[in-house]
Amino acid sequence: HSFCSMLLPRKKFLYHYKNVRWARGRHETYLCFVVKRRVGPDTLTFDFGHLRNRNGCHVELLFLRYLGALCPGLWGYGAAGEKRLSYSITWFCSWSPCANCSIQLSQFLRNTPNLRLRIFVSRLYFCDMEDSLEREGLRMLSRAGVRISVMSYKDFFYCWQKFVDSKTSSFKAWEELHQNSVRLTRKLNRILQFFQSWDLEDLRDALKLLGL
DNA sequence: ATTTTCAAT
């Protein structure tokens, strides 16, 4: 695509996705995505790539702009409501969405039931205050059926393989990756006020990865 | 102990 170069430079990935407590200077947000078409119980990987925020537009809303091109037939072909295709999108974002993006996404998804969204985030954006709008936004997304998780080692590893110009260098975890991921996962669970259970698609992906 | 955040210069 013209709007998303295929591979992310290693340095950029490591700088922007590092789940450090004090993410000084991360004034950009990256979004790596996988689009899968759902055919009955099966999903076929259809497209992947990455985006970053531009011109004051948050990357999530930028993604929504490109959604029509990424998911042909999402809104049906020809006659209204006919032959709508179903898609699943998984994205990995360096920051969690701001309140406004969460609201926009929730509304969009309510009007597009044939689209499923699964979100992984490296860091939580403005979620320190108990009453922050960002926290409420995450709950809103959750209620709209989006499963949100904090990225763990396996997710960084996957992104390195899939989206990064890693050549032959293997992914090396930074100090504190695991601790930070655990801390942020606990924080997200407290925000969402319940423990999200496994879902079937995660299980299928895990089995596929193991070659089962 | 404390530090930042999809910038603005």
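In this text, all values refer to a predicted model and were calculated from it rather than measured experimentally. Here is the naming used below: chain letters follow the sequence lines, and residue numbers restart at 1 for every chain.
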### Task
Mind calculating the distance between CG (Leu133(A)) and P (dC6(B)) to the nearest angstrom?
16 Å
### Query
Hey, is CG on Leu133(A) packed in by over 12 heavy atoms from elsewhere, all under 6.0 Å?
no
### Task
Quickly work out the Arg26(A) CZ to dT5(B) C1' distance and round it to whole Å.
11 Å
### Query
Do NZ/NE/NH1/NH2 and the carboxylate oxygens of Lys162(A) and Asp155(A) come within less than 4.0 Å?
no
### Check: Trp22(A) side chain, dT3(B) base, donor-acceptor under 3.5 Å
yes
### Query
Can you check the Asn100(A) CG to dC6(B) P distance for me, whole Å?
14 Å
### Query
Base, sugar-phosphate, or nothing for Ser96(A), non-hydrogen atoms under 4.0 angstrom?
base
### Query
Nearest-Å distance, CH2 (Trp95(A)) to C1' (dT5(B))?
4 Å
#### Entry: ring centroid sep under 5.5 Å plus plane angle under 30, Tyr125(A) with dC6(B)
no
#### Entry: Euclidean distance, atom CG of residue Leu124(A) to atom P of dT4(B) [Å, nearest integer]
17 Å
### Query
Once you round it to whole Å, what is the distance between P of dC6(B) and CG of Leu64(A)?
19 Å
### Task
Give the rounded distance in Å between these two atoms: NE2 of His50(A) and P of dC6(B).
18 Å
### Task
May I ask you to test the Val164(A)-His50(A) pair for a side-chain heavy-atom distance under 4.5 Å?
no
